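Scope of the values below: all heavy atoms of this structure, side chains included, with no hydrogens, waters or symmetry mates. Remember, it's a predicted structure, so these values are computed and weren't measured experimentally.
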Amino acid sequence: MSIPFSLLDLSPVPEGFEPGDAIRNTLDLARQADGWGYHRFWLAEHHNMPGIASAATAVLIGLVAQVTSRLRVGAGGIMLPNHAPLTVAEAFGTLATAFPDRIDLGLGRAPGGDGAVIRALRRDPMADSFPQDVVELLDYLGPERPGAAVRALPGEGTNVPVWILGSSLFGAQLAAHLGLPYAFASHFAPSDMEGAIAIYRDRFRPGPWNDRPQVMIAINVFAADDAAQAQYLRTSMQLAFARLRTGMPGKLPRPVRDLDAEIGPQMRRMVDQALTISAVGDAGQVKDDVQALIAKYGPDEVILTGQIHDHQARLRSFEIAAEVMRSL
């Protein structure tokens with residue numbers, strides 16, 4: 001039953017700390033994950049978010065790759081509507097040239113920010129050229145194109161593995177059509193996961209990038225040596241999600257003993273629904289939860305995530321999760 005397991009880090013900025021602390025914590029986590037058996041270490045592009053320090057995703061990927069030796073390091077993902085495909089190809093081509101066979105590129109269709117962010121990035125909010133932009137990007141990273149009017153240099157010939165990320169049926173259809181691996185954002189938007197995976201596998205067309213469908217699902221993990229402590233640690237992410245939903249994003253909150261008193265039972269139900277794909281507790285409980293999710297959805301790989309306020313507790317959570325995954 002053993003399958004590859006990876007780690008998605010948003011480089012969270014906890015309350016009481018600054019972005020520099022978050023980046024140092026990310027590098028520390030990556031060094032540890034390199035020895036714990038994680039397959040990939042992905043970072044995600046978010047903008048205008050006080051609690052996330054990975055806005056310049058390619059820069060942080062380079063820093064992580066520099067302090068690790070075995071991990072594949074990449075984006076989960078780059079929000080392609082924010083960038084010209086050539087710019088992304090050059091950035092990831094440079095990374096792949098500096099760190100051969102260790103760089104991944106996951107692509108998302110969302111802007112990673114609000115309307116003000118879209119305008120600040122000089123993007124057209126009405127434009128939707130994601131499929132065409134993905135194809136253009138694949139061309140830049142694919143085989144050498146002597147004589148082409150525009151070439152990604154470096155980038156051309158690196159064949160950086162490109163993933164399509166999604167939380168709806170659209171991404172599944174596009175990934176299947178292009179023959180690309182597909183990662184579903186089940187850690188915060190699980191409702192369409194079953195249908196999306198079925199469509200992707202049913203419609204997958206083998207091509208130069210992949211000869212078979214490859215599905216990754218994301219699982220929130222909050223693990224501790226004591227099950228009650230794991231539930232307590234989880235409240236930071238629940239509270240952060242509630243604040244985001246009510247238009248009050250901030251730094252990653254400290255955990256609380258009475259979550260309902262903070263956000264109310266109705267918001268609690270909404271948050272817990274969004275975070276359904278989670279494994280919470282001690283090692284035994286986390287193992288049961290992860291095994292059940294793998295059995296139900298049959299992924300080829302899982303990527304684990306979890307925003308925890310205390311850095312040492314976050315390290316321990318991912319260490320326990322790695323032990324669980326190795327034991328499957």
For a 4.5 angstrom cut-off between non-hydrogen side-chain atoms, does [X] reach [Y]?
X: F170; Y: P131; answer: yes
X: L107; Y: F130; answer: yes
X: M49; Y: L244; answer: yes
X: D282; Y: D225; answer: no
X: L259; Y: V271; answer: no
X: V134; Y: L178; answer: yes
X: L293; Y: V302; answer: no
X: R316; Y: H311; answer: no

Parallel, tilted or perpendicular, as decided by the 30° and 60° cut-offs, for the rings of Y182 and Y200: tilted
Minimum-distance pair of heavy atoms, taken over all atoms of [X] and [Y]:
X: L95; Y: G62; result: CD2-CA, 3.6 Å
X: G306; Y: M237; result: CA-SD, 4.4 Å
X: P154; Y: T94; result: CG-OG1, 3.4 Å
X: M79; Y: E45; result: N-OE1, 2.7 Å
X: P181; Y: V162; result: CD-O, 3.3 Å
X: S167; Y: A189; result: CB-CB, 3.8 Å

Chi angles and distances behind the side-chain hydrogen bond (donor to acceptor under 3.5 Å, both in side chains) call for S11, S54: CA-CA 6 Å; S11 197; S54 56; 5.8 Å; no
Under 4.0 Å between a Lys/Arg side-chain N and an Asp/Glu carboxylate O for [X] and [Y]?
X: R31; Y: D34; answer: no
X: R145; Y: D139; answer: no
X: D310; Y: R254; answer: no
X: D9; Y: R314; answer: yes
X: K287; Y: E323; answer: no
X: R243; Y: E15; answer: yes
X: E156; Y: R151; answer: yes

Single hit among L71, L304, I303 for side-chain contact (heavy atoms from CB on, under 4.5 Å) with S6: I303
F188/F241 under ring-ring contact (aromatic ring centres under 6.0 Å, His included): CA gap, chis, key distance, verdict: CA-CA 9 Å; F188 70 88; F241 209 85; 7.0 Å; no
Over 12 foreign heavy atoms within 6.0 Å of CD, Q266: no
Heavy atoms from other residues, nucleotides or ligands near CG of D258 exceed 12 (cutoff 6.0 Å): yes
Would you check if the side chain of [X] reaches a backbone N or O of [Y] as a donor-acceptor pair within less than 3.5 Å?
X: R326; Y: W36; result: yes
X: R203; Y: A176; result: no
X: S186; Y: A218; result: yes

Would you compute the distance between atom [atom1] of [X] and atom [atom2] of [Y] and round it to the nearest 0.5 angstrom?
X: S168; Y: Q173; atom1: OG; atom2: CD; value: 8.5 Å
X: I52; Y: L10; atom1: CD1; atom2: CG; value: 5.0 Å
X: E319; Y: L29; atom1: CD; atom2: CG; value: 11.0 Å
X: D260; Y: R269; atom1: CG; atom2: CZ; value: 9.0 Å
X: F17; Y: K251; atom1: CZ; atom2: NZ; value: 9.5 Å
X: T57; Y: L105; atom1: OG1; atom2: CG; value: 10.5 Å

Check against side-chain contact (heavy atoms from CB on, under 4.5 Å), F184 and V215: CA-CA 8 Å; F184 193 86; V215 173; 5.8 Å; no
Axial cation check for F204 ring with R212, 6.0 Å and 45° limits: no
Lys NZ or Arg CZ of R257 over Y232 ring: under 6.0 Å, within 45°: yes
Test log, rule side-chain contact (heavy atoms from CB on, under 4.5 Å), inputs V13 and L252: CA-CA 6 Å; V13 185; L252 182 65; over 6 Å; no
L180 vs N210, side-chain contact (heavy atoms from CB on, under 4.5 Å): CA-CA, chis, key distance, verdict: CA-CA 6 Å; L180 296 174; N210 272 63; 5.6 Å; no
Step-by-step side-chain hydrogen bond (donor to acceptor under 3.5 Å, both in side chains) determination, W42 to D104: CA-CA 8 Å; W42 279 8; D104 296 326; 3.2 Å; yes
M216 vs D300, side-chain contact (heavy atoms from CB on, under 4.5 Å): CA-CA, chis, key distance, verdict: CA-CA 6 Å; M216 180 193 295; D300 302 291; over 6 Å; no
Worked check of salt bridge (Lys or Arg N to Asp or Glu O under 4.0 Å) between D272 and R268: CA-CA 6 Å; D272 286 351; R268 169 74 179 271; 2.9 Å; yes
